[in-house]
Every structure is written in structure tokens, then in C-alpha cells.
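Only one structure is covered here, and it is reproduced in the block below.
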Amino acid sequence: MTKLLEWLFGVSLLGAVWALVSFDLLDLNLPQTYREVAWPMPLYLLVSFGCYSLATVGYRVATFNDCEDAAKELQKQIQEAKEDLRKRGLKM
């Protein structure tokens, strides 16, 4: 099963449970407070997912490794390219 299908299955399962509780489709006679709590639950989950995503991106940016060797190699290649262009008559 692909990751997309796993996510779609999980989201559809949560959606079905949410619909059953919110709209009382099975006549479970749940208290009104359950429906009041379940109604905004997709919004809460969306905000929670957004916060998690923002925290993950922030952590990954903060712990991103510097590649000093690659940076030096790139600077060397840039200098070589500039010299080559100067030889060909381009003024910088």
C-alpha cells in the first residue's frame, strides 16, 4: 500500500467517525456535548497539523548542516568562471 493510500484511508476513517458522531447517523443517542465537541474537531486537527508542520520546518532549518567543503568548491568554480569570462572579454 502506498503512503498516499495509507493517508487517504486514515483521513476517510476519521471523517467517517466524525460524521457519525457529529450528525448522529447511527442513532447512538450521544449527549449533545459530544456533538458540540466533535463539530469543530476538523478545524482543531488542521490547526494542530499546521503547528506541527511549522515546528518541523523550523527545527530542520535550525539544525541544517553547513557544507563548508562544498561552499569552498563552489566559490572556486565561480572564480574560474569569472576568469574565463574576463578572458573572453566580458567586463564585470
Side-chain angles (χ1 to χ4, degrees):
M1 184 182 298
T2 65
K3 204 63 164 171
L4 175 64
L5 290 178
E6 289 177 10
W7 277 98
L8 288 176
F9 177 73
V11 168
S12 63
L13 185 64
L14 284 174
V17 170
W18 173 78
L20 288 174
V21 171
S22 294
F23 301 116
D24 199 18
L25 298 175
L26 296 178
D27 294 327
L28 299 174
N29 295 324
L30 295 173
Q32 182 66 25
T33 55
Y34 283 19
R35 281 186 245 136
E36 289 173 358
V37 169
W39 182 250
M41 194 60 65
L43 182 62
Y44 294 150
L45 290 175
L46 184 64
V47 169
S48 297
F49 178 71
C51 291
Y52 170 76
S53 298
L54 185 62
T56 301
V57 168
Y59 174 75
R60 300 290 168 105
V61 167
T63 59
F64 188 75
N65 294 332
D66 291 333
C67 302
E68 293 179 16
D69 295 335
K72 289 177 185 176
E73 181 181 347
L74 183 60
Q75 289 297 327
K76 183 181 172 186
Q77 290 176 356
I78 290 172
Q79 289 301 324
E80 290 173 359
K82 284 182 179 180
E83 289 173 13
D84 184 49
L85 290 173
R86 274 193 212 109
K87 288 178 185 177
R88 294 176 187 232
L90 183 67
K91 294 181 182 179
M92 289 191 212

Arg88 and Asp84: CA distance, side-chain angles, deciding distance, side chain to side chain contact (heavy atoms under 4.5 Å, CB included) verdict: CA-CA 6 Å; Arg88 294 176 187 232; Asp84 184 49; 3.3 Å; yes
query: Is Leu28 reachable from Tyr34 through a run of hydrophobic residues whose side-chain heavy atoms are each under 4.5 Å from the next?
result: yes
field: Point-to-point distance, once rounded to the nearest 0.5 Å, from CD1 of Ile78 to CD of Glu83
entry: 12.5 Å
- prompt: Distance from Asn65 atom CG to Glu68 atom CD, nearest 0.5 Å?
  reply: 10.5 Å
field: Atom pair CZ/NZ of Arg86 and Lys82 - distance to nearest 0.5 Å
entry: 7.0 Å
Single-linkage hydrophobic cluster Leu20~Val37, side-chain heavy atoms < 4.5 angstrom: yes
- prompt: Any chance CZ of Phe23 has more than 12 other-residue heavy atoms, nucleotides or ligands included, within less than 6.0 Å?
  reply: yes
- prompt: OG1/Thr56 to CZ/Phe49 distance, rounded to the nearest 0.5 angstrom?
  reply: 8.5 Å
- prompt: With a 6.0 Å cut-off on ring centres, are Tyr44 and Trp39 close enough?
  reply: no
task: Quick one: pull up CG in Leu14 and CZ in Phe9 and give me the separation to the nearest 0.5 Å.
output: 10.0 Å
task: Show your reasoning for whether side chain to side chain contact (heavy atoms under 4.5 Å, CB included) applies to Phe64 and Tyr59.
output: CA-CA 8 Å; Phe64 188 75; Tyr59 174 75; over 6 Å; no
message: So, taking the atom named CG in Leu30 and the one named CD in Glu36, what distance separates them when rounded to the nearest 0.5 Å?
response: 12.5 Å
- request: Walk me through it: do Glu6 and Lys3 pass the test salt bridge (Lys or Arg N to Asp or Glu O under 4.0 Å)?
  value: CA-CA 5 Å; Glu6 289 177 10; Lys3 204 63 164 171; 3.5 Å; yes
- prompt: Does Ala38 offer a backbone N or O that forms a donor-acceptor pair with the side chain of Trp18 under 3.5 Å?
  reply: yes
task: Can you see which heavy atom on Val21 is nearest to which on Arg35, and at what distance?
output: O-CG, 3.0 Å
